[in-house]
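The block underneath contains the structure these notes are about, expressed in structure tokens.
Atoms considered below: every heavy atom in the structure, side chains included; atoms not considered: hydrogens, waters and symmetry mates.
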Amino acid sequence: PLFRSASKTLDGFDVWDTIASGAASPRKEILHNIDGETAALRVGDFKLLVGQENNTWYPLPAVEEPQARWAPNPAAVVSCGERPAGIRDCDAKKSACLFNITADPCEYQDLSQTMPDVVKTLTKLLDKYNATAVPSKRQKLDPQSNPKLHNDDWVPWKSEL
């Protein structure tokens, strides 16, 4: 009974057919992040970034002796190559950035200026999510938490909260 009543208020989809047999996912949007002034939302082919820099690409970790369990799935690896000439980093701290991540998985080409209607639609959707978001409890970084100050170990650094 607890789960039956709770399920009416949860954001969830039955994705078993997607997992088990590769059927199309019923989910059409993914809220990657929403935290006060920063957000990332994907709807269909488009991803909107708000309030954050677009500097989230990290190289694959180097593995001296590749093992099957550590090797990335080749179908999941995105090879970006060099940034095309004339394209600047998008700074979503100044204005929203829009990418077609199907055509541009490396998020090089900001489409926000050429597709303002898509930006407006996704921004309204973010506003809807933000209206029901729980306030962030993220605290400012405490410099004393740096592992370099504790023999390079992640350890409790305060005796009291």
Side-chain angles (χ1 to χ4, degrees), residues 3 6-63 66-142 145-147 154:
F3 294 111
S7 67
K8 292 180 182 179
T9 60
L10 296 177
D11 169 21
F13 290 89
D14 180 355
V15 295
W16 179 247
D17 289 338
T18 303
I19 295 168
S21 61
S25 174
R27 184 174 292 280
K28 303 301 177 208
E29 58 193 52
I30 300 170
L31 181 63
H32 291 283
N33 176 54
I34 192 163
D35 187 8
E37 299 298 316
T38 66
L41 173 69
R42 177 182 177 176
V43 177
D45 293 338
F46 293 103
K47 180 178 175 186
L48 185 74
L49 293 177
V50 177
Q52 59 197 17
E53 294 177 39
N54 184 32
N55 61 354
T56 56
W57 285 107
Y58 299 97
L60 289 172
V63 178
Q67 300 173 10
R69 68 177 188 209
W70 299 110
N73 178 343
V77 175
V78 175
S79 297
C80 293
E82 293 295 319
R83 179 180 297 276
I87 293 182
R88 300 174 313 202
D89 285 332
C90 180
D91 186 355
K93 287 183 177 183
K94 294 180 181 174
S95 63
C97 301
L98 179 69
F99 301 98
N100 180 326
I101 61 171
T102 301
D104 177 21
C106 298
E107 300 177 6
Y108 284 151
Q109 185 68 47
D110 175 25
L111 303 172
S112 62
Q113 299 301 311
T114 57
M115 302 182 85
D117 291 342
V118 175
V119 172
K120 186 176 182 179
T121 299
L122 296 186
T123 300
K124 284 183 181 180
L125 187 54
L126 275 177
D127 290 343
K128 180 180 156 190
Y129 277 118
N130 217 9
T132 62
V134 176
S136 173
K137 292 185 179 183
R138 183 175 18 170
Q139 299 179 10
K140 291 184 179 183
L141 179 66
D142 182 346
S145 68
N146 189 334
W154 287 98

query = Is there a side-chain contact between Val118 and Thr121, using heavy atoms and a 4.5 Å cut-off?
reply =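 They are not in contact (no side-chain heavy atoms under 4.5 Å apart), so the answer is no.
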ask   = So do Leu49 and Glu107 actually touch side chain to side chain, heavy atoms under 4.5 Å?
value =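 Yes - at least one pair of side-chain heavy atoms lies under 4.5 Å apart.
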Grab the two heavy atoms, one from [X] and one from [Y], that are nearest each other, plus how far apart they are.
X: Leu48; Y: Ala96; result: CD1-CB, 3.8 Å
X: Ser112; Y: Leu98; result: N-CB, 3.8 Å
X: Cys90; Y: Phe99; result: CB-CZ, 4.0 Å

message = The test is side chain to side chain contact (heavy atoms under 4.5 Å, CB included); show your working for Thr18 and Phe13 and say whether it passes.
response = CA-CA 11 Å; Thr18 303; Phe13 290 89; over 6 Å; no
Backbone N or O of [Y] within a donor-acceptor pair of the [X] side chain at under 3.5 Å?
X: Asp104; Y: Gln109; result: yes
X: Lys47; Y: Gly44; result: no
X: Asn100; Y: Phe46; result: no

key: Lys94 atom NZ, over 12 foreign heavy atoms within 6.0 Å   =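 It does not: Lys94 NZ has 12 such atoms or fewer within range.
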request  = Identify the residue among Thr38, Leu41, Leu126, Asn33 that makes a side-chain contact (heavy atoms from CB on, under 4.5 Å) with Val50.
outcome  =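 In the set Thr38, Leu41, Leu126, Asn33, the residue that makes a side-chain contact (heavy atoms from CB on, under 4.5 Å) with Val50 is Leu126.
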task = Any chance you could measure Cys106, atom SG, to Ile101, atom CD1, to the nearest 0.5 Å?
result =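 Here the rounded value is 11.0 Å.
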query = Rounded to the nearest 0.5 Å, how far does OH of Tyr129 lie from CG of Leu31?
reply =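 Taking CG in Leu31 and OH in Tyr129, the distance rounds to 6.0 Å.
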